[in-house]
Structure formats: C-alpha cells, structure tokens
Colleague: 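Just dropping this structure here.
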Amino acid sequence: EVQCKAAVRGDFIPDGTVAAVLSVLNHNLQQTLAALQVLLPHPPAQVLPRTRAQPLTEADRLALLQSLIELEALLQDSNMRSTALSADLVGRFGGMAGESLADLNAVVQQLAFDAALSQCQSLRDTLL
C-alpha cells in the first residue's frame with residue numbers, strides 16, 4: 001500500500017517492487033475472473049444463419065475488393081482494428097459474398113491473423 005501511494009506521488013520505486021506489485025494485482029485479477037466464471041452462466045453460442053450469396057454489382061465488387069485490401073494490411077500487422085473492419089464487411093456485404101465472408105470474419109474474430117490473412121487473400125483473388 002505504501003509503495004502504491006509512493007507511485008501515485010511519483011516517488012522512486014525500485015523495479016523489483018513494481019514487478020511484485022503487478023504480479024500480485026495480476027494474481028488477484030485472475031482469482032476474481034475465475035470466481036466470476038463459476039458464478040455467471042455462459043452466454044449461449046450465437047449461430048448466424050447461412051445465407052445464399054446474392055449477385056454482387058460491379059460497384060459492390062469493387063468496394064468489397066478495396067475493403068479486403070485494407071483488411072489484408074491490418075491482418076499483416078496483427079492489428080486489432082481488423083476485427084471491426086471484418087465485422088463491418090459482413091454487415092455490408094454478407095448477403096452478397098455468402099459464406100466465405102462469414103467464415104473469414106469468424107477467423108478474424110478468433111484473432112488467428114495468419115489464417116485470416118490467407119482466407120482474405122483467397123477471397124480477394126476470387127473477386128479479381
């Protein structure tokens with residue numbers, strides 16, 4: 001407690017002490033998380049309905065292609081913004097791009113960046 005107050009005031013704290021405080025905090029957070037997981041019910045798995053692809057207009061194809069190129073760049077950097085862009089693509093083009101876009105989004109949301117990048121490139125190639 002004294003060390004934490006010193007940190008707030010900006011006093012010097014030895015590196016080992018900071019590591020020890022962070023370790024204790026991490027341990028306490030892990031215990032709290034474990035206790036909450038036991039008490040709270042798991043949310044039901046959300047299964048999105050599979051839809052048949054509707055034809056893409058040329059304008060939609062180009063917009064999707066541009067967005068996939070942007071997504072590729074984010075995935076190459078393992079950038080977390082890829083999750084938002086991927087979800088947005090499903091919302092905008094999901095009915096037109098079919099299951100491949102939904103499958104890509106599922107992999108992106110799992111943060112499997114390398115696998116998602118491969119799927120993204122494959123989907124992009126089909127649009128060229």
Side-chain angles (χ1 to χ4, degrees):
E1 182 179 335
V2 171
Q3 293 165 345
C4 289
K5 287 180 181 177
V8 170
R9 288 193 323 256
D11 294 343
F12 175 75
I13 299 176
D15 287 339
T17 304
V18 172
V21 169
L22 290 175
S23 177
V24 169
L25 288 174
N26 184 43
H27 178 72
N28 289 342
L29 285 172
Q30 293 298 325
Q31 285 182 327
T32 303
L33 177 62
L36 286 174
Q37 287 176 335
V38 170
L39 296 174
L40 298 175
H42 292 286
Q46 183 180 13
V47 178
L48 298 175
R50 298 287 185 175
T51 58
R52 284 194 347 213
Q54 300 167 358
L56 277 172
T57 66
E58 184 62 14
D60 287 335
R61 185 185 72 79
L62 292 175
L64 177 57
L65 186 59
Q66 180 180 357
S67 295
L68 287 173
I69 291 169
E70 292 173 26
L71 181 59
E72 279 183 45
L74 293 172
L75 291 170
Q76 287 172 344
D77 291 337
S78 299
N79 191 316
M80 294 298 292
R81 290 186 313 196
S82 62
T83 59
L85 178 56
S86 178
D88 179 60
L89 291 178
V90 170
R92 289 174 37 213
F93 302 104
M96 295 177 265
E99 294 180 16
S100 56
L101 194 54
D103 292 342
L104 170 61
N105 183 51
V107 175
V108 172
Q109 299 306 321
Q110 294 172 0
L111 306 180
F113 296 111
D114 291 336
L117 178 60
S118 176
Q119 280 189 325
C120 186
Q121 290 168 337
S122 178
L123 180 56
R124 180 207 39 164
D125 290 345
T126 64
L127 295 172
L128 292 176

Colleague: Starting at CG of Leu75, measure out to CD of Gln121 and round the result to the nearest 0.5 Å.
Modeller: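 If I round to the nearest 0.5 Å, the distance is 9.0 Å.
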Colleague: Could you go step by step and tell me if Asn105 and Leu89 meet the side chain to side chain contact (heavy atoms under 4.5 Å, CB included) rule?
Modeller: CA-CA 8 Å; Asn105 183 51; Leu89 291 178; over 6 Å; no
Colleague: Calculate, to the nearest 0.5 Å, the distance between atoms CG and CG belonging to Leu68 and Leu101 respectively.
Modeller: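 Taking CG in Leu68 and CG in Leu101, the distance rounds to 7.0 Å.
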Colleague: Flag yes if more than 12 heavy atoms outside Gln109 fall under 6.0 Å of its CD atom; otherwise flag no.
Modeller: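 Counting other residues, nucleotides and ligands, CD of Gln109 exceeds 12 neighbours.
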Colleague: Measuring from atom CG of Asp77 to atom CZ of Phe113, what distance do you get when rounded to the nearest 0.5 angstrom?
Modeller: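 Those atoms lie 10.0 Å apart.
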Colleague: Under a 4.5 Å side-chain heavy-atom rule over Ile, Leu, Val, Met, Phe, Trp and Tyr, are Val90 and Leu111 clustered together?
Modeller: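 Linked within one cluster.
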Colleague: CD of Gln76 to OG of Ser82: how many Å apart, nearest 0.5 Å?
Modeller: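 One finds 11.5 Å between CD of Gln76 and OG of Ser82.
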Colleague: Considering all heavy atoms of both residues, which atom of Ala116 and which atom of Val107 are nearest to each other, and what is their separation?
Modeller: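 Minimum heavy-atom separation between Ala116 and Val107: N-CG1, 3.5 Å.
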Colleague: Of all residues at least two apart in sequence or in a different chain, which pass the side chain to side chain donor-acceptor pair (under 3.5 Å) check with Asp60?
Modeller: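 Counting only residues at least two positions away or on another chain, Asp60 forms a side chain to side chain donor-acceptor pair (under 3.5 Å) with Thr57.
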Colleague: With no hydrogens and no angle check, is any side-chain donor or acceptor of Ser118 less than 3.5 Å from a backbone partner on Ala115?
Modeller: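 No, because the side chain of Ser118 does not come within donor-acceptor range (under 3.5 Å) of the backbone of Ala115.
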Colleague: So, taking the atom named OG in Ser100 and the one named CG in Leu104, what distance separates them when rounded to the nearest 0.5 Å?
Modeller: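 With rounding to 0.5 Å, OG (Ser100) is 8.0 Å from CG (Leu104).
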Colleague: What is the distance from atom CG of Leu123 to atom CG of Leu128, rounded to the nearest 0.5 Å?
Modeller: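 CG of Leu128 is found 10.0 Å from CG of Leu123.
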Colleague: Mind checking salt bridge (Lys or Arg N to Asp or Glu O under 4.0 Å) for Arg81 and listing every partner two or more places apart, or none if nothing turns up?
Modeller: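 Arg81 satisfies salt bridge (Lys or Arg N to Asp or Glu O under 4.0 Å) with no other residue.
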Colleague: So does Thr83 get a backbone contact from the side chain of Ser86, meaning a donor-acceptor N/O pair under 3.5 Å?
Modeller: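 Here the side-chain-to-backbone pair does not exist.
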Colleague: Has Arg61 got a side-chain atom pairing as donor or acceptor with Leu127's backbone, closer than 3.5 angstrom?
Modeller: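 Flag set: sc Arg61 to bb Leu127 pair under 3.5 Å.
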Colleague: Once salt bridge (Lys or Arg N to Asp or Glu O under 4.0 Å) is applied, do any residues pair with Asp88, and if so which ones, sequence neighbours excluded?
Modeller: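 Residues passing salt bridge (Lys or Arg N to Asp or Glu O under 4.0 Å) with Asp88: Arg92.
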